[in-house]
Structures are given as structure tokens and as C-alpha cells.
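Only this structure's heavy atoms are used, side chains among them; waters, hydrogens and symmetry mates stay out. The chains referred to below are lettered A, B, ... by the order of the sequence lines, with proteins before strands, and numbering in each begins at 1.
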2 protein chains.
Amino acid sequence: MMIFKPSNTKFYHLLVDLPETDFNGMEELLISYIKSKISITDEELATILSCFRPMKVKKNELLLTDGQSSQRTFFVVKGCVRIFFINDEGQDSTRYFAFENQFATALVSFITSEPSEEFIQAVEDSEVYYITHKNFYHLLEIVPQWEKFYRIYLEIAYVTNTKRLMSFLIQDALEKYRQLLDENPIIVRRLSNKMVASYLNISQETLSRLKSKL
Amino acid sequence: MMIFKPSNTKFYHLLVDLPETDFNGMEELLISYIKSKISITDEELATILSCFRPMKVKKNELLLTDGQSSQRTFFVVKGCVRIFFINDEGQDSTRYFAFENQFATALVSFITSEPSEEFIQAVEDSEVYYITHKNFYHLLEIVPQWEKFYRIYLEIAYVTNTKRLMSFLIQDALEKYRQLLDENPIIVRRLSNKMVASYLNISQETLSRLKSKL
DNA sequence: TTTCTTTTTTGACTCAAGTCAATGTTTTAG
DNA sequence: CTAAAACATTGACTTGAGTCAAAAAAGAAA
């Protein structure tokens, strides 16, 4: 078994060199997220953390544009990012919003290494951690529990997406909106109508009419 | 490396007791499928195979009905099974067809252990192998490579479903049909109009009209 | 504050695809 | 082989949600 003594240089470095960046507690959020999914030793945790880098993004900034292959997975510490794609007529559909304490990846491209049809964009000024595709897959090889972490991540992503698929197949606009209010009200409370419409895959006008009906 | 000679008793048993059941080559198909995804030792393979059981199903027979929790994963050796669900008006939407050499699972329920909203049904007289949920998760613990096998399975399932989700969001009926002809013509060639319509989530009448246009 | 931009709302009109219904056609079971 | 059931096609009509357009409201910038 490999012996790995983590140096915490990186984190102190951050605190010293980037004092204006309030990343205090950032690692803690990521650490507790990881620990909630798998049990790992301190050295494994250190190996994992050493692969993540902090990053700040302004509202509307793109973290991934289409055509690029998805090379990073993001963990949102503050703010919100969305994963979306654009159809032939130029309208966008949002597949997923990641708020604080959630991961966001253009998973299809991340998995297949093909150019992404999806974009990732900050919906608010945000603070995220990212890990590169290369490091992510490297971790799969050197940290056995990371395979399990990724498996659990995939399970959650699969369930989320499949439920979403089913919702689109059997619900009309009003039903989708009601379910969103019921299951994910933060999206309605915190984001613009435009974002909500994009998430429900209906026009803004239709959403506006739905709201006046309730 | 340990030498492990798996007993073929189970399989010979089948051949002797169920001579009318032509399961020849069944194991081979499953074995080569597994080997195409992961590299494993003979003893690990034997452990895995010992968890699978063969089974025959007649056309239209249900392998899983809704409300049950999904307790089995199926591997199709011959025939075809579909995974579908039913909306409030009683219409069904097919999420996936598994033909020969493919796995079929009501994955959401399999993952969450909640009652399934999905049904699994034989579309043709079929021969399948199945593994129970319990054995499947047991394998995750005792065969390290099985974790990888499952991860790869999840990756493929995720990509398939997400592409399908995107297709429903941006394509109209004609585009969906054309893409199906292009990417999955076996579904059109081999299955009834009704099944195809259910897969595209359009009415049979609409499908019929589309066909006369091409 | 005031201006400028972006978002939201509302109305009038359109259209893709659904429903209902009638008629053929194929499959299945006895 | 025949009857019954299931499936496929076609026509007439309906409808949920989109588009276009214009006005009102809300945010952002200066």
C-alpha cells in the first residue's frame, strides 16, 4: 500500500497569497461532501484534495463551451452554475442547476471524451472547486474508494436524469411547474423566470401564464 | 495466480434436465460481454457467473411490474425486452429496448430500492440471464473489478439516457423518427409500429403519418 | 435620480401533434 | 381455417403550447 504524506502547503498558500478570496470553509464543504459518500483514510483524502483547485467565476461566465471536450468536474461552494444546451433555433434548455454543495459536470462528454454538446455557465457569481478529467481518472486508479465515489455520483446523476426524462414524457407544462415548486422550490425562488422556463423547457410566455393561473 | 477450475455442473444440468431449452452459447455470450468490459481472473469470473440464473419468458410477459422494487438485472441472450412506464392516461412510454447481448434493468428502482415506476416486459419470446439485486451488490464487495463493471454500465446507461433526454427536448416527431432510423434501425425493422411509437413517445397515428411522408 | 437594458406580462394568431372514429390489415388462438 | 383480437391507416377535428409583438415592470449602470 502506498504511503502518502499529504502536505497542506497548497491550502496555507491559498490563505496567505489570496487573502481577499474568502475560501475559508471551502475545503470543509468539499471534504464533508466526500466523507458523506465514502469512508477514506486521511492520506487518501489528502490525495483527493490535492487534485482539486479553487476558482471564482462571474455571473454568466462560461466554464465550458460546446465543442470543447469536458475536461473538468466542478464542485459548487458558493453561487450556482447550470448545465445547458442549445437547439437548432438557438433556444437553450437547462439540464441541471448545481447550487452550493453540489457537483456539476458535462458528464456525457466527460465520460465519452467527445466534444461537449453541453455548456456550463455560472448563473450567479460563484466559487467552485474543479478537478481535471485526467486527475479524476487517475484517482480512480490510485484510490480504490474513489471508484465507489464515482459510482455513487453516477447513480445519483442517473436517477436524477431518468426522473427528469420521465417527467418530460408524461407531464404537461403546468404539471412540470407544480412538481418543480414542490420538489425544487429553490430554483423558482432564487432564479429568474427565464432560467426556470429554460429548465422546464417551456417558453417564458407560457411560464408567465402558468404563474398567473396558480 | 490461483488456478480455479469452475464446475460446469450448473450448465450441464440444464442441458440434461431441460433439453428443450436451447441455452447453448448463453454463458458464452454473457462471459464475452463481461470480459469486453473488465479484465478478470477465472475465479472471479466463476464467482460472477454463479450469481446468474437463466430464465425463459414468453412474449408480453412482465419481468417486473410497477410498485415492486427492482430486484433483478437481466441480460438478454435471445429475444428482446423493454423497459417502460405508464402515464396517467394509461399510455406507455418505452425508455429502452434490450436486444441480444444487452443488459436491462429498471435502474432507478435498482439504485434507490424504491418501488419501481417502470415495468420490464418481454417484447418477443426471450431467453435471459438474471442476477438479483442482493447478489449484484454482494459482488461489488467481493469482486473489486465488479465495481468497475458496474461503473462502466452506469456510464453507458447515463450517456444513453441523457442523449435521449436531449433528443426529446430539441427534436420534433419527424426528427426523432429519422434519428431512430439512422442510429437504431433494428427497432424499426424488428418491432411493431406500436412499440416504435411508444419509444418515440408519439401516437401510433402520428408515426403512421410520418412513415407515409418518407 | 435617470436612463438603458433586461425581464415579465398579456393578447392575437399559428401549428404540430393529439384525439376520436371509421375502415382495413395482420396476428393469434382455438 | 376461421373467428376474434390486435394493430395500422386515414380523415376530420381539437388543443396545448409556441411565435410575434407590444407594453409594463424590474434591475443595473452611471
Side-chain angles (χ1 to χ4, degrees), chain A residues 58-62 79-80 82 84-94 97 121-126 167-181 187-214, chain B residues 57-62 79-80 82 84-94 97 119 121-126 167-181 187-214:
Chain A
K58 288 269 171 224
K59 181 172 177 175
N60 294 328
E61 206 172 309
L62 289 173
C80 175
R82 68 173 182 137
F84 70 105
F85 54 94
I86 296 184
N87 70 12
D88 302 331
E89 285 86 42
Q91 295 155 320
D92 67 66
S93 295
T94 297
F97 290 112
Q121 181 185 43
V123 175
E124 305 170 347
D125 289 353
S126 303
S167 145
F168 282 124
L169 293 183
I170 65 181
Q171 296 182 311
D172 64 17
L174 182 58
E175 289 170 328
K176 285 189 283 185
Y177 182 58
R178 281 207 170 114
Q179 183 177 312
L180 184 64
L181 278 176
I187 290 176
V188 179
R189 276 204 316 274
R190 193 159 147 180
L191 305 178
S192 69
N193 239 343
K194 193 179 175 179
M195 287 292 135
V196 174
S198 167
Y199 187 74
L200 296 175
N201 207 47
I202 61 179
S203 70
Q204 291 176 62
E205 293 93 326
T206 297
L207 177 58
S208 179
R209 291 183 177 111
L210 289 179
K211 287 170 79 174
S212 68
K213 268 190 209 159
L214 287 183
Chain B
V57 275
K58 289 265 172 228
K59 181 172 176 173
N60 293 329
E61 205 172 309
L62 288 173
C80 176
R82 68 173 181 138
F84 70 104
F85 55 93
I86 296 184
N87 70 11
D88 303 330
E89 285 86 43
Q91 296 154 320
D92 67 65
S93 294
T94 298
F97 290 111
F119 300 74
Q121 181 185 41
V123 175
E124 305 170 347
D125 290 354
S126 304
S167 146
F168 282 123
L169 294 184
I170 66 179
Q171 295 182 312
D172 64 19
L174 182 58
E175 289 171 328
K176 285 188 284 185
Y177 182 58
R178 281 208 169 113
Q179 183 177 312
L180 184 64
L181 279 176
I187 290 177
V188 179
R189 277 204 316 272
R190 193 160 149 180
L191 305 177
S192 69
N193 240 343
K194 193 180 175 180
M195 286 294 134
V196 175
S198 167
Y199 186 74
L200 296 176
N201 206 47
I202 61 179
S203 68
Q204 291 175 62
E205 292 93 328
T206 296
L207 177 57
S208 181
R209 290 180 179 113
L210 288 180
K211 287 169 77 176
S212 66
K213 267 189 211 162
L214 287 185

Dot-bracket summary - DNA chain D, pairs being Watson-Crick or G-U whose distances fall under 3.5 Å, with | when paired to another strand: ||||||||||||||||||||||||||||||
Going 5' to 3' through nucleotides 13-22 of chain C, assign each nucleotide B (protein heavy atom under 4.0 Å from a base atom), S (under 4.0 Å only from sugar-phosphate atoms) or - (no protein heavy atom that close). ----SSBBB-
Candidate pair B:Phe168 and A:Phe168, rule ring-ring contact (aromatic ring centres under 6.0 Å, His included), full reasoning: CA-CA 8 Å; B:Phe168 282 123; A:Phe168 282 124; 9.2 Å; no
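- For the pair B:Leu191 CG and D:dA8 C1', the interatomic distance rounds to 16 Å; values are reported in whole Å.
- The OH atom of A:Tyr177 sits 12.5 Å away from the NZ atom of A:Lys213 when rounded to the nearest 0.5 Å.
- Residue A:Arg178 qualifies as open at atom CZ: its count of foreign heavy atoms under 6.0 Å is 12 or below.
- Rounded to a whole Å, the CG atom of B:Leu200 is 13 Å from the P atom of D:dA8.
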Distances under 3.5 Å between nitrogen or oxygen atoms of protein and nucleotides 22-26 of chain D:
none

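- Partners of A:Arg209 by side-chain hydrogen bond (donor to acceptor under 3.5 Å, both in side chains), not counting sequence neighbours: none found.
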May I have the step-by-step check of side chain to side chain contact (heavy atoms under 4.5 Å, CB included) for A:Asn60 and A:Gln121, ending in yes or no? CA-CA 6 Å; A:Asn60 294 328; A:Gln121 181 185 43; 4.1 Å; yes
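- In terms of heavy atoms, B:Gly79 sits closest to B:Ser126 at CA-OG, 3.5 Å.
- Here NZ of B:Lys176 is found 9.5 Å from CG of B:Leu210. Values are rounded to the nearest 0.5 Å.
- Between B:Ile187 and B:Val196, the closest heavy-atom pair is O-CG2, 3.7 Å.
- Rounded to a whole Å, the NZ atom of A:Lys213 is 14 Å from the C1' atom of C:dT9.
- In this structure, A:Lys211 atom NZ and D:dA17 atom P are separated by 17 Å, rounded to whole Å.
- One finds the NZ atom of A:Lys194 at 13.0 Å from the CG atom of A:Leu207 (value rounded to the nearest 0.5 Å).
- With respect to B:Arg82 and B:Asp92, a salt bridge is recorded, a charged nitrogen being found less than 4.0 Å from a carboxylate O.
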Nucleotide N/O of nucleotides 26-30 of chain C paired with protein N/O under 3.5 Å:
unit_1: C:dT28; atom_1: OP1; unit_2: B:Lys59; atom_2: NZ; d: 3.4

Between B:Leu191 and B:Glu124, does the side chain to side chain contact (heavy atoms under 4.5 Å, CB included) criterion hold? Intermediate values first, please. CA-CA 9 Å; B:Leu191 305 177; B:Glu124 305 170 347; 4.0 Å; yes
After noting the C-alpha distance and the side-chain angles of B:Leu169 and A:Asn87, does the key distance pass the side chain to side chain contact (heavy atoms under 4.5 Å, CB included) rule? CA-CA 8 Å; B:Leu169 294 184; A:Asn87 70 12; over 6 Å; no
Using the rule given for ring-ring contact (aromatic ring centres under 6.0 Å, His included), can you reason through B:Phe85 versus B:Phe119, listing the C-alpha separation, both sets of side-chain angles and the distance that settles it, and then say yes or no? CA-CA 6 Å; B:Phe85 55 93; B:Phe119 300 74; 9.1 Å; no
Might you list the N or O atoms of the protein lying below 3.5 Å from N or O atoms in nucleotides 3-7 of chain D, with each pair's distance?
unit_1: D:dC7; atom_1: OP2; unit_2: B:Lys194; atom_2: NZ; d: 2.8

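- Side chains of A:Ile170 and B:Asp88 form no contact here, defined as non-hydrogen atoms less than 4.5 Å apart.
- Once rounded to the nearest 0.5 Å, the distance linking CE of B:Met195 with CG of B:Leu200 reads 12.5 Å.
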